[in-house]
Amino acid sequence: MLRDITIGRYVPGNSALHRLDPRTKLLGALVYSAAVLSCSSFISMSAAGAAAAAAALISKIPVSYIIKGLKPLRWFILFTVIINLFCIDGKILWHLGAVHITYEGVSAAALLALRFIFFVLGTSLLTLTTPPIALTDGLARLLRPLKAVKLPADDIAMIISITLRFIPSFADEAERIMKAQKARGADFGSGSMISRVRSIMPVTIPLFISVFRRADELSLAMDARCYGKGVRNPRKKFFFGRTDAYFSLIMIIFCGFLAIIEFFN
Amino acid sequence: MIEFSNASYSYTSPLGTVQALCGVNARLRRGEITAVIGHTGSGKSTFMDLAAGLAEPERGSVTLDGFDTASQRKKIGVVFQYPEYQLFADTVRDDIAFGPMNFGIKGSELNERIKYSAEITGLDDSLLSRSPFELSGGQKRMAAAAGVLAMKPEILLLDEPAAGLDPSLREQIFSIMRQLLDSNGNMIIAFVTHSMEDAANYADRLILLDHGCVAAYGTPGEVFAKRELLYSCGLDIPAPLKIADGLRSLGDDIGGAITDDEIFLSVKNMLSSI
Ligand SMILES: Nc1ncnc2c1ncn2[C@@H]1O[C@H](COP(=O)(O)OP(=O)(O)OP(=O)(O)O)[C@@H](O)[C@H]1O
Ligand SMILES: [Mg+2]
């Protein structure tokens, strides 16, 4: 179900991951994503998986909840896996006429799926353990050097965190509208491609209207609170503490470890 | 009759599971308007979802004439909270036609249905050919309700149908319910409300929910007589009953008036007997 999407959701808590400085977490998620995207073997990928699992356990957020967050992505993952499976040449494992699956295709598809899953897990854990405001402030602080080249760092930070924050809201909204149209006899998952595309119109149109309405309301609310009329100071002073130091150290060791694995491969 | 027997339902959230309904036993009878009341988060909307067959109970059962409501969805019309957000078509007419068309109704029968539901909700012809997004909030609500009524449901469930409407539209919504019931005594109608006055004035029977359990079930007179229970559930008693209680504490016992009409009559009698 759409409602299960975890990217952009925040779950209050008091775990070590929650207590980290948002900047540390942002950089950590960035480094982790880069690492996952550059993993090219199953050994390094399993190390990345172990790291994600450890972080998930530390966060004290129910593992079932985090895993459920991947469910809405299953069709997308399946699609990319299938494309890879049939389109890469190499040692043939199985073939039927012109269609063939190669050894290289299987491993590339599996790596791609894992890369994608871990990437989503990493970003989910970032938003799951960081309140939206802290995320904005942390981003703004990290992007501050951009001000030197006259880029609106604070606004960019605000845009990114609002986008993240609204992903789950719109997933909820879509599900609510789908339920209402189902009650009016709408049928979503069946029929030909054309009738399926047509059947999502009763959902997409109200959803778009709701998106614009929300955007309107939000901009009014921000205006009313003088957004952009002065300097925004973070609500909490940032504090790079011992946990942050440990976390950074672990990240560095993790990256070094991955680099060594990749090097010897 | 829709019968809940020992029905439970829970949601999974990251902070654990939320028990929205726990072992609910209740009935929605034919020929009656039932109001579901309870504090915020008491499970009213979940109750309606189960009654409508849009969700299935984890334990126990919810049946319509002995069959699971999930298999009877065609007979059940639901007006959700803020239904205006489900409008999507180019014209109000097309939007009203969406439901019946999904059930394979076309041609003159379809036009008949549109005319019927527009009439009953008071949408005039000029409105029907306009875009639903150009209507006022109240008109949108009526258009959305018309879209449900056009399916001629045997069972009509409404989640806070009058929230945010002006007094005359509120009145109209509830008189539509009564009118439907008068023309077809076989219907089951239920609505959720936060207004004790609406529950007292317009319902034949009340279901009081508290933390996912049925705390009281009965006629408005029976339920509102349990003042302490209502207070402990975070609710209030209807204004007429407060007036009657106030008069009693001053030594004028006028009985337990609950609806606007009853308090009017009682006070009138009291004044004429002075
Ligand atoms: N999608 C959901 N995920 C998690 N918990 C939910 C969800 N929907 C409802 N709940 C929880 O289930 C309980 C019952 O919710 P429900 O919506 O039925 O209450 P309600 O009586 O309709 O409240 P209201 O008067 O505010 O509309 C609440 O505690 C609510 O927090
Ligand atoms: Mg509700």
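Chain identifiers are assigned alphabetically (A, B, ...) following the order of the sequence lines, protein sequences preceding nucleic acid strands; residue numbering begins at 1 within each chain. Bear in mind that the values here come from a model prediction, so they are computed numbers and not experimental data.
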Members of residues 139-154 of chain B whose heavy atoms come closer than 4.5 Å to chain A: B/G147, B/M151

Got a sec: does the OH of A/Y246 have more than 12 other heavy atoms crowding it under 6.0 Å? no

Applying a strict 4.5 Å limit to non-hydrogen atoms, the region of A/R213 in contact with chain B is side chain

Side-chain polar contacts of residues 45-67 of chain A - donor-acceptor pairs under 3.5 angstrom, sequence neighbours left out - could you list them?
| from | atom 1 | to | atom 2 | distance (Å) |
| --- | --- | --- | --- | --- |
| A/S46 | OG | A/F42 | O | 3.1 |
| A/S46 | OG | A/I43 | O | 2.7 |
| A/S59 | OG | A/A56 | O | 2.7 |
| A/S59 | OG | A/I61 | N | 3.3 |

Other residues, nucleotides, ligands: >12 heavy atoms within 6.0 Å of A/F208 CZ: no

For A/M201, I'd like to know if atom CE has over 12 heavy atoms of other residues, nucleotides or ligands within 6.0 Å. no

To the nearest 0.5 Å, what is the distance between CD1 on A/I209 and CG on B/L87? 8.0 Å

Part of residues 88-116 of chain B lying next to chain A, heavy-atom separation under 4.5 Å: B/F88, B/D95, B/F98, B/G99, B/N102, B/F103

Residue-level contacts of residues 53-86 of chain B with chain A, using a heavy-atom cutoff under 4.5 Å: B/L54, B/R73, B/I76, B/V78, B/F80, B/Y85, B/Q86

